[in-house]
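Report on one structure; see the data block that follows.
All residue numbers in this chain count up from 1 along the given sequence. Given the structure is predicted, the values throughout are model-derived calculations rather than measurements.
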Amino acid sequence: MIRPDLSLPLPERIEAAHFIGIGGSGMSGLARMFLERGIRVSGSDRAGSQALRDLAELGATVHVGHDAANLGDADTVIHTGAIWPENPEFVTAKERGMPVIHRSQALHWLIGGRRLVSVAGAHGKTTSTGMLVTALQALGEQPTFVNGGVIAQLGASSATGSDDLFVIEADESDGTFLLYDTSIALITNVDPDHLDHYGSDDAFVDAFANFANRAGEAVVISADDPGARDVTGRLTHPNLLTFGTSRTADVRVTDLRTDGPVSFTISHGPASARARLAIPGAHNAINAAGAVAVLLTLGHDLTAAVRAVEGFEGTVRRFELHGVARGVSVFDDYAHHPTEVAAALVAARSVVGDGRLIAIQQPHTYSRTQQMYREFAEVLEQYADHTVMLDVFGAREDPIPGVTGELVSAAFADPDNVHYVADWQQAAQYTATVARAGDYVITLGCGNVYQIIPQVLDALSQTPAVAAAGPAE
């Protein structure tokens, strides 16, 4: 992993930007915005994707594979932290003395001096940002935005708006969320993660407190999450608004129902409004409350804010249905932390009815798996009826001896509740023998686990229906 050097000066002018890792959801969104600014864009990624094809149609020059020649006539190079230091484009740009900046610095350059809403948190950032953006549009505003995932009803993760307001998903993983001149900070939760960067839980919490205290106008923060409450105790900010189910919350969720589309009441002071979302899960009711609280700080009426948030249709890779075969529905979710996995499975449980939940889990990064394999096993065993465990998606990390998907599966209390299989085709075929009509299969992870879905659907189509209780029982 390349640590961003946030002390590097930003170029005053960029005419031709080259993106290393342009196919990622965040990077492709940034590249799209550079194109909208009239800046020439080129970029490369290790594999082809729809994101690359979309950018090419918009006028970007894209390359599959990394090569120094891909730099072309670029005057600035933008990279993610997920590339290797040996990347030939990164190395060559450094040797040439070109400005080489992290994607967070490129976003900072784009924001300029606009009024910024930054959404931070260990979980729920992408959904909360999507809720805010679509709600603001429903309320007649046109914010510029950069999200970590594609907003389903907009078909994009970023866009340039005509208003002064700028909304971003702020990444805490490497501390870059401290770079931005945030006006309104939304903190969804503070569940310690990325300890390979921060070193300790306390340092992680301190970073969020620093982020919040620097907000120019207001801080909106969870009243439910223990980590967020820890952050609140360290705040000196004069304008604080809390949200959640807690009796102490300023924007409070009550009368929560999850048997179908999640519905609930949101109240703020004497005002209240009933809400019904198009996406399932109690956690999304809390995300909605956070979005409403931000809208209140922006001057919107409670009822109007609730109606606007109700229109959110979700983001890609968040409980996203990919297909149905032999009566089995196959979903994908980006969840890659035990808390996120639990939330995704609880949401799925609320709508699966009499069917069962079969999780296909791909652990993400060796360091997180080594730190949290017991927690992963615990939540999967508690909330899924059966788990198919794949191997670790290493991303930017080198393998750690002994850290595989089997480390997680071996931590299950009952070995009958999990099946570890490294080969994807075998995993797909096994899943098809387990699943029966009415079940939900859900892939979990922020790596490339969603790419197994065509194999699962094909295996389901070719495998006879399971007439009685299968292995997942």
Of all heavy-atom pairs linking Val392 and Val403, the shortest is CG2-O, 4.0 Å
Just checking Tyr450 against Tyr334, ring centres under 6.0 Å apart?
no
For Gln153 and Glu313, indicate whether the former's side chain and the latter's backbone hold a donor-acceptor pair under 3.5 Å.
yes
Smallest heavy-atom separation, Val119 atom then Ser128 atom, equals CG1-CB, 4.0 Å
Carefully, step by step, assess Phe145 and Leu132 under the rule side chain to side chain contact (heavy atoms under 4.5 Å, CB included).
CA-CA 10 Å; Phe145 67 91; Leu132 267 174; over 6 Å; no
Residue pairs passing the salt bridge (Lys or Arg N to Asp or Glu O under 4.0 Å) test where at least one lies in residues 23-34, sequence neighbours excluded
none
Examine distances only and state if a side-chain atom of Ser158 and a backbone atom of Gly29 form a donor-acceptor pair shorter than 3.5 Å.
yes
Taking side chain as C-beta onward, heavy atoms only, is Phe412 less than 4.5 Å from Tyr420?
no
Minimum side-chain heavy-atom gap His300-Glu141 below 4.5 Å:
yes
Would you find a donor on one side and an acceptor on the other, under 3.5 Å apart, between the side chain of Thr463 and the backbone of Thr433?
no
Partners passing side chain to side chain contact (heavy atoms under 4.5 Å, CB included) against Asp301 (at least two apart in sequence or in another chain):
Thr303, Ala304
Beyond-backbone contact of Leu296 with Asp250, side-chain heavy atoms, under 4.5 angstrom
no
Parallel, tilted or perpendicular: ring planes of Phe331 versus Phe319, cut at 30 and 60 degrees:
parallel
Less than 4.5 Å apart, side chain to side chain, heavy atoms only: is that true for Phe264 and Leu277?
yes
Quick one: ring-ring contact (aromatic ring centres under 6.0 Å, His included) partners of Tyr373, sequence neighbours excluded?
none
Kindly check if the number of other-residue, nucleotide or ligand heavy atoms within 6.0 Å of CZ (Arg274) is above 12?
yes
Arg368 vs Pro363 side-chain heavy atoms within contact, under 4.5 Å
no
Do Asn147 and Ser157 have a side chain donor and acceptor closer than 3.5 Å?
no
For a quick check under 3.5 Å, do Tyr430 and His386 share a side-chain donor-acceptor pair by atom type?
yes
How far apart are the closest heavy atoms of Leu139 and Ala308, and which atoms are they?
CG-CB, 3.8 Å
Judged by atom type as modelled, is there a donor-acceptor pair below 3.5 Å linking the side chain of Asp391 to the main-chain atoms of Ala422?
no
Under 3.5 Å donor-acceptor, Glu397 side chain and Ser367 backbone:
yes
Flag side-chain contact, heavy atom, 4.5 Å: His364 against Val449
no
Here the gap from Leu30 atom CG to Ile78 atom CD1, rounded to the nearest 0.5 Å, amounts to 7.0 Å
So, for Phe166 and Leu110, which heavy atoms are closest and what is the spacing to 0.1 Å?
CE1-O, 4.1 Å
Measure the CZ-CG distance between Phe211 and Leu178 for me, rounded to the nearest 0.5 Å.
8.0 Å
Kindly indicate, with the supporting measurements, whether the criterion side chain to side chain contact (heavy atoms under 4.5 Å, CB included) is fulfilled by His268 and Val292.
CA-CA 10 Å; His268 177 237; Val292 167; over 6 Å; no
Tell me, please, which residues at least two apart from Asp224 pass side chain to side chain contact (heavy atoms under 4.5 Å, CB included).
Ser222, Thr245, Ser246, Ile286
Walk me through it: do Gln50 and Arg53 pass the test side-chain hydrogen bond (donor to acceptor under 3.5 Å, both in side chains)?
CA-CA 5 Å; Gln50 187 60 50; Arg53 292 187 288 273; 3.2 Å; yes
All heavy atoms of Thr265 vs all of Ser272, minimum pair found to be CG2-CB, 4.1 Å
Within this structure, what is the CG-CG distance for the pair Leu107 and Leu179, rounded to the nearest 0.5 Å?
8.5 Å
If we only count heavy atoms from C-beta on, is the Leu55 to Ile22 side-chain gap below 4.5 Å?
yes
Between Val346 and His283, is the side chain to side chain contact (heavy atoms under 4.5 Å, CB included) condition met? List the steps.
CA-CA 9 Å; Val346 168; His283 64 295; over 6 Å; no
For Ala56, give me all partners under side chain to side chain contact (heavy atoms under 4.5 Å, CB included), at least two apart in sequence or on another chain.
Val62
What are the two closest heavy atoms between Met131 and Asn284, and how far apart are they?
CE-O, 3.6 Å
Main-chain N/O of Thr160 paired to Glu36 side chain as donor or acceptor, under 3.5 Å:
yes
Residues at least two apart in sequence or cross-chain that pass side chain to side chain contact (heavy atoms under 4.5 Å, CB included) with Arg374, listed by chain then number, are none
Under the side chain to side chain contact (heavy atoms under 4.5 Å, CB included) rule, what do His102 and His79 come out as? Steps first, then yes or no, please.
CA-CA 5 Å; His102 187 263; His79 68 91; 4.1 Å; yes
Can you name the residues that form a salt bridge (charged side-chain N to carboxylate O under 4.0 Å, His left out) with Asp230, not counting sequence neighbours?
Arg234
Distance, nearest 0.5 Å, that separates OG1 of Thr232 from CD1 of Ile221
3.5 Å
So, taking the atom named OG1 in Thr431 and the one named CD1 in Ile358, what distance separates them when rounded to the nearest 0.5 Å?
7.0 Å
Could you tell me whether a side-chain N or O of Gln362 sits under 3.5 Å from a main-chain N or O of Asn448, the two making a donor and an acceptor?
yes
Side-chain contact test, heavy atoms from C-beta onward, threshold under 4.5 Å: evaluate it for Phe177 versus Asp171 and give yes or no.
no
May I ask you to decide if Ala428's main-chain N or O and Gln455's side chain share a donor-acceptor pair within less than 3.5 Å?
no
Enter the distance from Asp225:CG to Ile187:CD1 here, rounded to the nearest 0.5 Å.
10.0 Å
Who are the ring-ring contact (aromatic ring centres under 6.0 Å, His included) partners of Phe312, not counting sequence neighbours?
none
Could you tell me which residues satisfy salt bridge (charged side-chain N to carboxylate O under 4.0 Å, His left out) with Asp439, sequence neighbours excluded, listed by chain and number?
Arg356
For Arg307, give me all partners under salt bridge (charged side-chain N to carboxylate O under 4.0 Å, His left out), at least two apart in sequence or on another chain.
Glu310
Those residues at least two apart in sequence (or on a different chain) that pass salt bridge (charged side-chain N to carboxylate O under 4.0 Å, His left out) with Glu320 are none
Near Glu378 CD, under 6.0 Å, is it more than 12 heavy atoms from other residues, nucleotides or ligands?
no
Salt bridge (Lys or Arg N to Asp or Glu O under 4.0 Å) contacts in which one or both residues fall within residues 327-349, not counting sequence neighbours:
Arg317-Asp332, Arg349-Asp385
